[in-house]
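Data first, discussion second: the structure below is written as structure tokens.
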Amino acid sequence: MTHRIRLILGDQLNSNHSWFQKVDNATVYLMMEVRQETDYVVHHVQKVVGFFGAMRFFAAWLQDHGHSVHYIKLDDPENLQNIVLNTQSTLRKYKAVHLDYMEPDEYRLQTLFEQEFKWDGIEVQRHSTEHFLAGHEDLETHFKDKKQFRMEFFYRYMRKKYNILMNGKEPMGGQWNFDTENRKALPSKVYPPPPFLFKYNTTSLVNMVQSSGVKTIGTVNAEAFEWPLQRKDGLLLLSYFVENLLPAFGTYQDAMTQKSWSLFHSRLSFALNTKMLHPKEVIEAVVNAWDKSSSEIPLHQVEGFIRQILGWREYVRGVYKTMMPAYAQMNFFNHKRTLPSWFWTGNTKMKCLQHAIGQSLEKAYAHHIQRLMVTGNFALLAGIDPDEVDRWYLGIYIDAIEWVEMPNTRGMSQFADGGCMGSKPYVSSAAYIDRMSDYCKNCVYDAKKKTGVGACPFNSLYWHFYHRHTALLRSNPRIGMAYVTWSKMAETSKNELLAQAEAYLENIESL
Ligand code: FAD
Ligand code: SF4
């Protein structure tokens, strides 16, 4: 019998893929845990354990459904710790003449496979992952040959294409966007429901990762691993979200608090990015819940969520696919500063950063506004090298895969692409963080103070950022007001702000 090897990567755990609809005795599914993947960046320990754990459950599911699986564990003596070499040795082992693989989302692996999957006598075929909602044609239409990409137009197109929340040709509720009703701070009397957590015993997996010498960051409770490792867990997490969190999702989407680490967020990104869940089923679950009880779940909560999945998630993939590999080099502001060491420990006096980083190290998770307006905001104001910022985000979050991490980090958060993605940099002084969080009232710094002892670093760094990039930003119509305010300030105030910022930057390690 001539064999066919089908390679499945750790983020291709899509049990509804057409590959698995039929059992074929001549087909062997190849899965592997390799140092090539654990070592290309320093990952959070929960991310490594989460991926390997989910892969092992997926392999068991395939076997339970009659498929043949060749699974190479990280510590298997036969493991060559490299995807191409392991694939080659498996082709030889089974005397296979066909290799199928699903299109990798990451540019790194896509180019590697295109270059290296070439052997005499082996027929190689690439297949779709059957996961994303925007096809290659959609990406061509909306991204190719464009200097700027705007999420809103792409999102409206996707709403129409899939007929989601549409009333004929018009958006349901007469508006595409309900942001004015969303994005409120969390009142002190409101307590978000507890996050829905799993309790997997992952001790042997954690021991294997540690004894293999894989360098990781963060902590893990090995006996009670909290993230979904199987499709059925992802579905449970989705149901919990729809019933308990969706009714307030949009309202508190941008709120930050020390009372809860995930507020009303779904925490579905890991299940989605490993493809255990399909974006369409997530959207359908949310729209169906709204259909059934629109009195309890207002439209603005639902639209706010659909926008994330059907809009942002598909859109950042379009940016990545279109802009790589140049995107990975972009550094519009020519920022060169090293990331402060407290990004790896959370040991800073700034409460907002202490909480967002501490939580990321403990949970491998921070919600969007913590990523964008706390850690990302600080890194941009302080002029940190986007390469370092990228590596940090790519390592620390359980959901971090380059196709989604990089446009969010380099584009949306650091404006390193000079505005391909966003029309202006996402920066703020302490006022925004104070308004949207309960961080500032417990901080040694004073959010209202701009200079002098105890002044919040965000305030002077904010003006330092605009001042040092005047040549690049002044003509941007969306930023004009900041420069008008700056130009109206007395020279002494300006100089005090700049001197304060310089002093903070010189002592960045001890902030
Ligand atoms: P929810 O708030 O419940 O949102 C629902 C879903 O919408 C998410 O699961 C996600 O799939 C999708 N989504 C929401 N916002 C975005 C977005 N901006 N881009 C893409 N998808 C989105 N997301 C990742 O999946 N992986 C990353 O590595 C990643 N890195 C980020 C880095 C930075 C600097 C920033 C600002 C954002 C990043 N995001 C990333 C986007 C977003 O922060 C996460 O998707 C979200 O926090 C995941 O938590 P959740 O599942 O609870 O999301
Ligand atoms: Fe962060 Fe400044 Fe508020 Fe402290 S005062 S929590 S440093 S924004």
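Everything numeric in this text was worked out from a predicted model, so none of it was measured. Ligands are counted one by one from 1 in listed order, and the atoms in each one are counted from 1 as well. Just so you know, these numbers use all the heavy atoms, side chains as well, and skip hydrogens, waters and symmetry mates.
In terms of modelled atom types and a separation under 3.5 Å, the side chain of K349 and the main chain of S510 share a donor-acceptor contact. Judged purely by atom type and a 3.5 angstrom limit, Q148 has no side-chain atom pairing as donor or acceptor with the backbone of M421. Without hydrogens or angle criteria, E103 side chain to T129 main chain gives no donor-acceptor distance under 3.5 Å. Remark: side-chain polar atoms of Q370 are paired, donor with acceptor, to backbone N or O of H367 under 3.5 angstrom. Of the possible polar contacts, none joining the R307 side chain to the V302 backbone as a donor-acceptor pair under 3.5 Å is found.
Closest non-hydrogen pair, M172 versus R159, comes out as N-NH2, 4.0 Å.
Taking the centre and axis of the six-membered ring of Y397, the NZ or CZ atom of R371 falls inside the cone set by 45° and 6.0 Å. Cation-pi check for K494 over W486 is met; the charged atom lies under 6.0 angstrom from the ring centroid and within 45 degrees of its normal. Annotation: cation-pi pair R267/F196 absent, no NZ/CZ under 6.0 Å from the ring centroid and within 45° of its normal. Judged by the 6.0 Å distance and 45° axis criteria, K424 is not positioned over the aromatic ring of F415. A cation-pi arrangement is present between R108 and Y40, with the terminal nitrogen or guanidinium carbon under 6.0 Å from the aromatic centre and inside a 45° cone about the axis.
At least one N, O or S atom of C352 sits under 2.8 Å from atom 1 (Fe) of ligand 2. Residue C456 does not count as close to atom 3 (Fe) of ligand 2, with no N, O or S atom under 2.8 Å.
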Can you check side-chain contact (heavy atoms from CB on, under 4.5 Å) on H467 and Y462, steps first, answer last? CA-CA 9 Å; H467 174 70; Y462 175 80; over 6 Å; no
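Residue-level proximity to ligand 1 for D399 is carried by backbone and side chain together, each with a heavy atom below 4.0 angstrom. Here A400 has heavy atoms under 4.0 Å from ligand 1 in both its backbone and its side chain. Under 4.0 angstrom from ligand 1, the non-hydrogen atoms of A366 all belong to its backbone. Contacts between N273 and ligand 1, counted as non-hydrogen atom pairs separated by less than 4.0 Å, involve the side chain only.
Atom NZ of K161 sits in a crowded spot, with more than 12 heavy atoms from other residues, nucleotides or ligands closer than 6.0 Å. Atom NZ of K215 sits in a sparse spot, with 12 or fewer heavy atoms from other residues, nucleotides or ligands closer than 6.0 Å.
In this structure, F343 and W392 have perpendicular ring planes: the angle between them is above 60°, well past the 30° mark. Ring geometry for F333 versus F465: interplanar angle over 60°, hence perpendicular rather than tilted (30 to 60°).
At a 3.5 angstrom cut-off on N or O pairs, H265 counts as close to ligand 1. Looking at S413 next to ligand 1, no N or O pair under 3.5 Å apart turns up.
Nearest to atom 4 (Fe) of ligand 2 by heavy atom, out of C443, A447, P457, is C443. Summarising the contacts of atom 50 (P) of ligand 1 with K47, M421, R267, the nearest heavy atom is found in R267. Residue nearest to atom 11 (O) of ligand 1, selected from M412, R317, R313: R313 (by heavy-atom distance). When the options F241, F305, W312 are ranked by their closest heavy atom to atom 5 (C) of ligand 1, first place goes to F305.
Looking from atom 6 (C) of ligand 1 to the surrounding protein, the closest heavy atom is I309 CD1, 3.5 Å. Scanning the protein heavy atoms around atom 53 (O) of ligand 1, the nearest turns out to be S266 OG, 4.0 Å. In terms of protein heavy atoms, atom 48 (C) of ligand 1 is closest to S269 OG, 3.4 Å. If you check which protein heavy atom lies closest to atom 15 (N) of ligand 1, you get Q308 OE1, 3.1 Å. Looking only at protein heavy atoms, the nearest one to atom 31 (C) of ligand 1 is N408 CB, 3.6 Å. The protein atom (non-hydrogen) at minimum distance from atom 40 (C) of ligand 1 is R371 NH1, 3.4 Å. Here the protein heavy atom with the shortest distance to atom 42 (C) of ligand 1 is H368 ND1, 3.4 Å.
Per-residue contacts place L372 under 4.0 angstrom from the following atoms of ligand 1 (heavy atoms of the residue considered): 36 (C). Near Y365, meaning under 4.0 Å from one of its heavy atoms, ligand 1 places the atoms 49 (O), 50 (P), 52 (O). Atoms of ligand 2 lying under 4.0 Å from at least one heavy atom of C440, given by number and element, are 3 (Fe), 5 (S), 6 (S), 8 (S). The contact set between ligand 1 and V404, taken as ligand atoms under 4.0 Å from a residue heavy atom, comprises 20 (C), 23 (N), 24 (C), 25 (O), 26 (N). Proximity to L272 (heavy-atom distance under 4.0 Å) selects the following atoms of ligand 1: 11 (O).
Under the 4.0 angstrom criterion for non-hydrogen atoms, F270 is not in contact with ligand 1. In this structure, F264 does not count as a contact residue of ligand 1, since none of its heavy atoms falls inside 4.0 Å of the ligand. Within the structure, ligand 1 lacks Y315 among the residues with a heavy atom less than 4.0 angstrom away. For S262, the closest heavy-atom approach to ligand 1 does not fall below 4.0 Å. Close to ligand 1: Y393, with a non-hydrogen atom less than 4.0 angstrom away.
For the side-chain hydrogen bond (donor to acceptor under 3.5 Å, both in side chains) with S428, the qualifying choice from N459, D434, N377 is N377, the only one to do so.
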